[in-house]
There are 2 protein chains.
Amino acid sequence: MAGEHRSGCPINLSLEVFGDKWSLLILRDMIFGGRRHFRELLNGSQEGIASNILANRLKTLVELGMLTRRPDPAHKQKAIYSLTEPSIALVPVLAALGAWGRRWLPVTEELSVRARLLEEGGPDLWARFMAELREEHLGVPTTPPPDGRTVRDRLQAAYLATKSTSA
Amino acid sequence: MAGEHRSGCPINLSLEVFGDKWSLLILRDMIFGGRRHFRELLNGSQEGIASNILANRLKTLVELGMLTRRPDPAHKQKAIYSLTEPSIALVPVLAALGAWGRRWLPVTEELSVRARLLEEGGPDLWARFMAELREEHLGVPTTPPPDGRTVRDRLQAAYLATKSTSA
DNA sequence: TCAAACCGCTTGCATTTCGCAACTGGAGAG
DNA sequence: CTCTCCAGTTGCGAAATGCAAGCGGTTTGA
């Protein structure tokens, strides 16, 4: 499975992990949307991923160590997907990518407000967000949110507020 | 050509631009390797891109506004590709991606030393590098390098030094 | 108790993209 | 005049993509 690499360049190796149109969107939905189950990822996808492609990407992301998969103890047929440290560490990459896309591409207001907040928050906000993800996905305890709301809640609230005013 | 977008999310739109295994490598070779011609990109590619794929990607990158193409006045059959402001603005994204890949993937020492310097240099170094790229590709004058060497020269020198010691 | 909805996928199949190798017409150099 | 270089192009088999339908099992709600 660990096939040959085209080169040992960090950018190339990164592209070998998520150099396709879907993998990074799945990670985005898990990171920012808090999705953990197959159906949540399938039905919640803004872009409409097909189930076979989702299944295939989840499998390879698990094989690559970007995700882990375990059965849901409360629901025998559900599987829970969790982020790993490498995928949590993508937060700054997603922030940079979101900032670039927001500046140069025809984004919609409501779907880019999260990117704006993440950009404005800077490395401190990213670190806080990553700590919350570690708690949620890896069980690593963190301090409670400074203002009582998690970073994801704040991003989500901003998204919903923008959506309602632009509707 | 400006077909439909799957969504207005900045991450998704970014992936629609370079969500494949080659486009970002071409931009990387132009940004860090200083390549401007088809043959330079074809023969200099660490990863061995095929000529039809290179031609196809250059065409779509031009159509998307990430590159411009013009004939070489000194050599009638040569074409010169130039970065545009959006592609120059990818420097922070490439820095973040390189830093991530360097930390989590099996990179080689010589091919990741550039990523390390870029990470250590931080936003100031990125801004300096982007100014040099604007001068080189867009004709926007900038101040001479503070220490007499361009950022790309410094990155390249570090790469060559690492390569010779690990050979 | 039993049907309906939901669970994570899998399968079949048509379309698109990828990628190798060979090749093209034209220009530059000696 | 010929050899090399130039930016691609063409043909074609292999692989990936994507749509729609289906699968065996589980949970839910009446």
Side-chain angles (χ1 to χ4, degrees), chain A residues 1 3-7 12 15-27 29-30 33-64 66-82, chain B residues 1 3-7 12 15-26 29-30 33-64 67-82:
Chain A
M1 186 48 53
E4 315 229 321
H5 296 301
R6 297 186 298 184
S7 85
N12 172 59
L15 288 174
E16 290 185 12
V17 173
F18 41 73
D20 69 88
K21 298 240 188 284
W22 291 111
S23 300
L24 206 56
L25 295 183
I26 294 170
L27 294 169
D29 286 347
M30 291 188 66
R35 317 227 159 107
R36 308 289 298 262
H37 305 294
F38 190 93
R39 288 283 158 172
E40 287 177 326
L41 289 162
L42 185 65
N43 300 329
S45 161
Q46 280 279 341
E47 291 83 11
I49 190 169
S51 63
N52 55 345
I53 294 172
L54 175 58
N56 174 277
R57 291 303 185 284
L58 286 172
K59 187 172 156 230
T60 65
L61 286 171
V62 167
E63 286 169 356
L64 290 169
M66 301 290 291
L67 299 176
T68 56
R69 191 199 117 110
R70 67 185 155 87
D72 185 337
H75 194 293
K76 280 179 189 162
Q77 66 194 142
K78 277 191 182 177
I80 300 181
Y81 290 93
S82 300
Chain B
M1 187 46 54
E4 314 232 320
H5 297 299
R6 298 184 300 184
S7 85
N12 171 60
L15 288 173
E16 291 186 12
V17 173
F18 41 74
D20 70 270
K21 298 242 189 286
W22 290 111
S23 300
L24 206 56
L25 295 184
I26 293 170
D29 285 347
M30 290 189 67
R35 318 214 184 184
R36 308 290 298 264
H37 304 293
F38 189 94
R39 288 284 155 170
E40 285 178 328
L41 288 162
L42 185 66
N43 300 329
S45 161
Q46 279 278 341
E47 290 84 10
I49 191 170
S51 63
N52 56 344
I53 294 173
L54 176 58
N56 175 277
R57 291 304 184 283
L58 286 172
K59 188 173 154 225
T60 65
L61 286 171
V62 167
E63 285 169 356
L64 291 168
L67 299 176
T68 55
R69 190 196 118 106
R70 66 185 154 88
D72 185 336
H75 194 293
K76 280 180 187 159
Q77 65 193 148
K78 277 192 182 175
I80 299 180
Y81 289 93
S82 300

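Keep in mind the model is a prediction, meaning the values are calculated, not measured.
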| message | Keeping B/R6 on the side-chain end and B/N12 on the backbone end, is there a donor-acceptor pair under 3.5 Å? | response | no
Atom NE2 of B/H37 and atom C1' of C/dA27 are separated, to the nearest Å, by 15 Å
### Message
For the backbone of A/W22 and the side chain of A/R57, can you confirm whether one donor and one acceptor N or O come within less than 3.5 Å of each other?
### Response
no
Rounded to whole Å, the NZ-C1' distance (B/K76 to D/dC5) equals 16 Å
B/R6 side-chain N/O to D/dT17 phosphate OP1/OP2 under 4.0 Å: no
Q. OP1, OP2 of D/dT17 versus side-chain N and O of A/W22: anything below 4.0 Å?
A. no
If you apply the rule side-chain contact (heavy atoms from CB on, under 4.5 Å), what do you find for B/I80 with B/H37, and how did you get there? CA-CA 5 Å; B/I80 299 180; B/H37 304 293; 3.6 Å; yes
- Message: When you measure from the side chain of A/R36 to the backbone of A/Y81, do you find a donor-acceptor pair of N or O atoms at a distance under 3.5 Å?
- Response: yes
For this session: Considering just the side-chain nitrogens and oxygens of B/R39, establish if one lies under 4.0 Å of OP1 or OP2 belonging to D/dG8.
Result: no
Of the listed D/dC6, D/dG8, D/dT26, the closest approach to the B/A55 side chain comes from D/dG8
From CG of B/N56 across to P of C/dT16 the rounded distance in Å is 15 Å
- Message: With a cut-off of less than 4.0 Å, is there a side-chain N or O of B/R36 near OP1 or OP2 of D/dC6?
- Response: no
When B/R57 and B/S51 are each assigned the nearest nucleotide of DNA chain C, the 5'-most assignment goes to B/R57
Quick note, A/H75 side chain, CB onward, closest among D/dA7, D/dT27, C/dA27 is D/dT27
A/L42 CG to C/dT10 P, in whole Å, measures 13 Å
Ignoring hydrogens and geometry, is there a side-chain-to-backbone donor-acceptor pair from B/E40 to B/D29 under 3.5 Å? no
Between CG of A/L54 and P of D/dA20 the distance, given in whole Å, is 17 Å
Whole-Å distance, A/I53 CD1 to C/dT16 C1', equals 12 Å
Of the candidates D/dC19, D/dT17, C/dC20, the side chain of B/A50 sits closest to C/dC20
From CD1 of A/I26 across to P of C/dC9 the rounded distance in Å is 12 Å
From CG of A/D20 across to C1' of D/dT17 the rounded distance in Å is 11 Å
Considering only heavy side-chain atoms of A/N52, the closest of D/dA20, D/dG8, D/dT27 is D/dA20
Contacts of A/I49 and B/Y81 projected onto DNA chain D by closest heavy atom; the upstream (5') one is B/Y81
